[in-house]
There are 2 protein chains.
Amino acid sequence: MIDSKVTELLKKTQLSVTDGRRRILELFLQHEGALSHGDIEKKAGEKFDRVTVYRTLQAFLEKGLIHSIPSSDNSIRYALCKEECSEGHHRDDHVHFICNQCGNATCLEELVVPSIKLPRGYTAQQVEVLVSGICKSCSSR
Amino acid sequence: MIDSKVTELLKKTQLSVTDGRRRILELFLQHEGALSHGDIEKKAGEKFDRVTVYRTLQAFLEKGLIHSIPSSDNSIRYALCKEECSEGHHRDDHVHFICNQCGNATCLEELVVPSIKLPRGYTAQQVEVLVSGICKSCSSR
DNA sequence: CAACAAATGCAACAAAGTTGCAAAAAGAAC
DNA sequence: GTTCTTTTTGCAACTTTGTTGCATTTGTTG
């Protein structure tokens, strides 16, 4: 069932359905939270080449299947986009949370980023809000 | 005059005053906006070893002289902290702006990040707001 | 200006990311 | 299903980025 969803998603974005893409997309669907390139390599790396992972993430990004979450420690993470996203048209306007304890990153889809009033002369095209702290599962331990 | 400020800053943070540190700190003071490791290497790299740049930035970060600005393109940038920052005690609560045209990053010190109300179970320790768009100097051209 | 502590440069590595190209797999047409 | 075309993959080679240990140099302190 998750398998058919994977295929459906790939078809919808006009990406040809290959083992690698299926596997990586599956990882995103299974894993609640964001994944870094490294994570994916670890989880699927024995079956696929490093280069394939790079190219797959690249393709997913371009097609609007996933979006990237900035980081200040050189480990950019990626997370699934909601259905409304498509090529070029990202609607990636939620807050991202990174746990300082477990290191996991999650999309807080229910929290829309606030609009920021910029100084005269500046034009905003995208706003990213990155909150770090202690996540739900870490604080309940 | 900028030279004495550089020395003063280093002294205040109990870093020994060396040519490399002076040069790099000078770059930050001169250059309005944030600098990536690469930028610094380009601007000062012929005089100093790559490793020195890494270690200097590391030291500046730890002492609270600079703070890092997350990115989603693997080019973390650094910018000078305000005076109030010190070891451990960062007061780095302003909005960061990245220009999609010229690529420069600036601290919008006058814009304090909004407080974000998180879902139950989450605790915020830091909030980072990253706005991208067109900056002042690019839009006036 | 000694004596000590700290920072630097170098070399050697490890890890991350990129590119070109031949082989393999997917998609389309019959 | 077979064939043809297009796309993707894996591999190799390479570039860039980041790390570590150690001897040498440079700063700091009295």
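Just so we're on the same page: letters track the sequence lines, and every chain starts at 1.
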J.: Checking contacts here: which listed nucleotide (C:dG27, C:dA7, D:dT19) is nearest the side-chain heavy atoms of A:Val17?
T.: C:dG27

J.: Between C:dT8, D:dG27, D:dG10, which nucleotide gets closest to the side-chain atoms of A:Asp49?
T.: D:dG10

J.: What about A:Arg50: does its side chain form a donor-acceptor pair under 3.5 Å with the base of D:dG10?
T.: no

J.: Which of these nucleotides, C:dT18, D:dG10, D:dT19, is closest to any side-chain atom of A:Tyr54?
T.: C:dT18

J.: Counting just side-chain N and O atoms, does A:Ser16 come under 4.0 Å of either OP1 or OP2 of D:dT8?
T.: yes

J.: Whole Å only: how far is the CZ atom of B:Arg23 from the P atom of C:dT8?
T.: 15 Å

J.: Looking at B:Asn74, I'd like to know whether one of its side-chain N or O atoms comes within less than 4.0 Å of OP1 or OP2 on C:dA16.
T.: no

J.: Answer with base, sugar-phosphate or nothing: what part of the nucleic acid does B:Lys11 contact at a heavy-atom distance below 4.0 Å?
T.: nothing

J.: Can you tell me the distance, in whole Å, between the NE2 atom of B:His37 and the C1' atom of D:dT19?
T.: 12 Å

J.: So if I take every side-chain heavy atom of A:Leu15 and compare against D:dT8, C:dT18, D:dT28, which nucleotide ends up nearest?
T.: D:dT8

J.: Answer yes or no: is there a side-chain heavy-atom contact under 4.5 Å between B:Leu111 and A:Pro119?
T.: yes

J.: Any side-chain N or O of A:Thr52 below 4.0 angstrom from OP1/OP2 of D:dG10?
T.: yes

J.: Paired with C:dA23 by Watson-Crick or G-U wobble geometry, both distances under 3.5 Å: which nucleotide is it?
T.: D:dT8

J.: Expressed in angstrom and rounded to an integer, what is the separation of B:Ile40 atom CD1 from D:dT17 atom P?
T.: 13 Å

J.: Between B:Phe97 and A:Tyr122, does the ring centroid distance fall short of 6.0 Å?
T.: yes

J.: Could a donor-acceptor pair under 3.5 angstrom be found where the side chain of B:Arg55 meets the base of D:dG18?
T.: no

J.: For the pair made of CZ in B:Arg22 and C1' in D:dT26, what is the distance, rounded to whole Å?
T.: 12 Å

J.: Would you say that more than 12 heavy atoms from the other residues, nucleotides or ligands in this model lie under 6.0 Å from the CD of B:Glu46, or not?
T.: no

J.: For B:Glu32, does the CD atom have more than 12 heavy-atom neighbours from other residues, nucleotides or ligands under 6.0 Å away?
T.: no

J.: Is the distance from OP1 or OP2 of D:dT9 to the nearest side-chain N or O of A:Thr18 less than 4.0 Å?
T.: yes

J.: Using the ring of each side chain (for Trp, its six-membered ring), is B:His94 parallel, tilted or perpendicular to B:His67, with breaks at 30° and 60°?
T.: perpendicular

